[in-house]
Protein chains: 2
Amino acid sequence: MTSAASRKGGRARDERLERDIPEATIARLPVYLRALTALSERDVVTASSEELATAAGVNSAKLRKDLSYLGTYGTRGVGYDVNYLRYQIAREIGLTQDWSVVIVGIGNLGHALANYAGFASRGFQVAGLVDNDPARVGEKVGDLTISSFDDIDAIVSNAAVSIGVIATPASAAQDVCDRLVAAGVSSVLNFAPAVLTVPDYVDVRKVDLSIELQILAYHEQRKANGAAELRASLA
Amino acid sequence: MTSAASRKGGRARDERLERDIPEATIARLPVYLRALTALSERDVVTASSEELATAAGVNSAKLRKDLSYLGTYGTRGVGYDVNYLRYQIAREIGLTQDWSVVIVGIGNLGHALANYAGFASRGFQVAGLVDNDPARVGEKVGDLTISSFDDIDAIVSNAAVSIGVIATPASAAQDVCDRLVAAGVSSVLNFAPAVLTVPDYVDVRKVDLSIELQILAYHEQRKANGAAELRASLA
DNA sequence: AAGAGTTTGTGAACGGGAGAACAAAATCGC
DNA sequence: GCGATTTTGTTCTCCCGTTCACAAACTCTT
């Protein structure tokens, strides 16, 4: 879903082989990272692709191929050094640096996101909270104070924010997105159930809670139908 | 990601052609549904695949192919009847019936989910809220009262719950999942950053907020590197 | 030091989904 | 009624991702 257009230029890299890591692999790297962190906390020094794959819930061949895109960090006959691989993946994703994010729309979900511990622990700093409701502006959430829409520009430039999180109602999402982009944000995580239009250079990822439930409902219905047909065929 | 194993049986259906709708299509149907609902609210009667595709943010050829898996609901030269198509998609996904869900883990995120309007409006009824913390049991959230872990069985059987939502910390997720499955839940929406192990017949979908941010961070880093290299090559 | 046992990295086969392109079917104008 | 126009449904091709399978590379035992 991320715009491939921004990468299509493809100037030949002479110095080092330019890794073109598949999108599907990128999406799994954070999972591997989490598995490695868990192993590291249990003081495990080395892990085989099989062990790692089980911990990450994937096929071991897939895991090996994924890792091979990053480089040759394993040792045949031995496995992978947990901490070394962990660092390499973190570096590849870009977690060796800190990232500032701004959250727009501080309703129930925005609150939850603002307090989510999983962000800070992975190097994502919430640099600002923004809401349109004048009654909410000034309210404190954790360490932060809610700002108004008009402060978006200041927040983004002061804290070098590159990632914006939209947790507003669908009706406001496009407007908020436009303002974020105008302020300099080039990646957007959208929780609003709306299709966003952005310039090519901006990446958008969408998380839609009700869509996930609907997908489950579809399979649930199929299971129920299958069971009913089975009963009928046995009768 | 949903287990395809439960469908591999594939007994030949003689009576009616058994639609085997691709997973990728299923995931887009809710988006089309939303676009159709929006059009319907603006009293639009008919829409072409091009219009629908734009509203849903996809390619029109893809949209037509997706819809063709459901049946032939369009009219050549005309387009699709908005309300008719809306009903057909809703029926296909299983939204013409109500679904009961139980939410486990009523922290910040659980609260947000419990209050999320997008669930109820699509036929998903929250039948119960469950938390492990004795201090929280009895607390009211909206119309509902938080129950304890031990009430999971009763809630699931009383309300015919088939979908469980896990919003606990990662450490509790597998235990909660096991209890839900034991109680009769056969679909799980997991917000905890953990890999869940379930029987074949259970579908699991995962939503991980920090993974989405990490994916954005990766692309952000690439953009920054590209820009730096560009500057270097110009210097 | 050499053979047996492990485990990685990758080439090759396979399957599913995306998009282009076009024939079939409907409406509209005359 | 008939040709022009519109728009769907579908075929075909291409690409990406998954999985298998195996050679290469390392360790361990004797």
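Letters go in sequence order (proteins before strands), and every chain restarts at 1.
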- Item | Under 4.0 angstrom between Asn59(B) side-chain N/O and dA20(C) OP1 or OP2 | yes

- Can you check whether Phe191(B) reaches Leu189(B) side chain to side chain, under 4.5 Å on heavy atoms? yes

- Do Lys62(A) side-chain atoms and Ala53(A) backbone N/O form a donor-acceptor pair below 3.5 Å? no

- For Leu63(B) and dT7(D), give me the distance from atom CG to atom P, rounded to whole Å. 14 Å

- Message: Can a donor-acceptor pair be found, under 3.5 Å and without considering hydrogens, that links the side chain of Gln214(A) to the backbone of Ser210(A)?
- Response: yes

- Task: Begin with the C-alpha distance, continue with both residues' side-chain angles, and end with the deciding distance and a verdict on side-chain hydrogen bond (donor to acceptor under 3.5 Å, both in side chains) for Asp203(B) and Ser187(B).
- Result: CA-CA 5 Å; Asp203(B) 280 317; Ser187(B) 288; 4.6 Å; no

- Query: On a plain distance test, is the side chain of Lys65(B) in donor-acceptor contact with the base of dT10(D) below 3.5 Å?
  - Reply: no

- Message: Nearest heavy atom decides the nucleotide; on that basis, is Leu67(B) or Thr25(A) closer to the 5' end of DNA chain D?
- Response: Leu67(B)

- Query: Has Tyr80(A) got a side-chain N or O lying under 4.0 Å from the OP1 or OP2 atom of dG9(C)?
  - Reply: yes

- So does Arg64(B) get a side-chain nitrogen or oxygen closer than 4.0 Å to the phosphate oxygens (OP1/OP2) of dA20(C)? no

- Item | Whichever of Pro22(A) and Thr75(A) has its nearest DNA chain D nucleotide further upstream toward 5' | Pro22(A)

- Task: Look at the side chain of Arg76(B) and decide which nucleotide, out of dA23(C), dC26(D), dG9(C), has an atom nearest to it.
- Result: dA23(C)

- Do the two ring centres, one from Tyr73(A) and one from Tyr84(A), sit under 6.0 Å apart? yes

- Message: Could you tell me how far apart Glu23(A) (CD) and dC15(D) (C1') are, to the nearest whole angstrom?
- Response: 15 Å

- Message: Would you say the rings of Phe119(B) and Tyr116(B) are close, in the sense that their centroids are separated by under 6.0 Å?
- Response: yes

- Query: When the distance from CG of Asp81(A) to P of dT27(D) is rounded to whole Å, what number comes out?
  - Reply: 14 Å

- Note on the structure: Numerically ordered, the residues 40-55 of chain A set in heavy-atom contact under 4.0 Å with DNA chain C is Ser48(A), Ser49(A)

- Message: For dG19(C) and Lys62(B) - does any side-chain N or O of the residue sit under 4.0 Å from the phosphate oxygens OP1/OP2?
- Response: yes

- Apply side-chain hydrogen bond (donor to acceptor under 3.5 Å, both in side chains) to Asn225(A) and Gln221(A), showing your working. CA-CA 6 Å; Asn225(A) 284 346; Gln221(A) 189 188 33; 5.1 Å; no

- Task: Specify the separation, in whole Å, of atom CG of Leu70(A) and atom P of dT10(C).
- Result: 12 Å

- Message: Taking the minimum atom-to-atom distance to the side chain of Ala24(A), which one of dA18(C), dT19(D), dG17(D) wins?
- Response: dG17(D)

- Query: When the distance from CG of Asp66(B) to P of dA18(C) is rounded to whole Å, what number comes out?
  - Reply: 7 Å

- Item | Residue Ser68(B), side-chain atoms from C-beta onward, closest of dA18(C), dG9(D), dC26(D) | dG9(D)

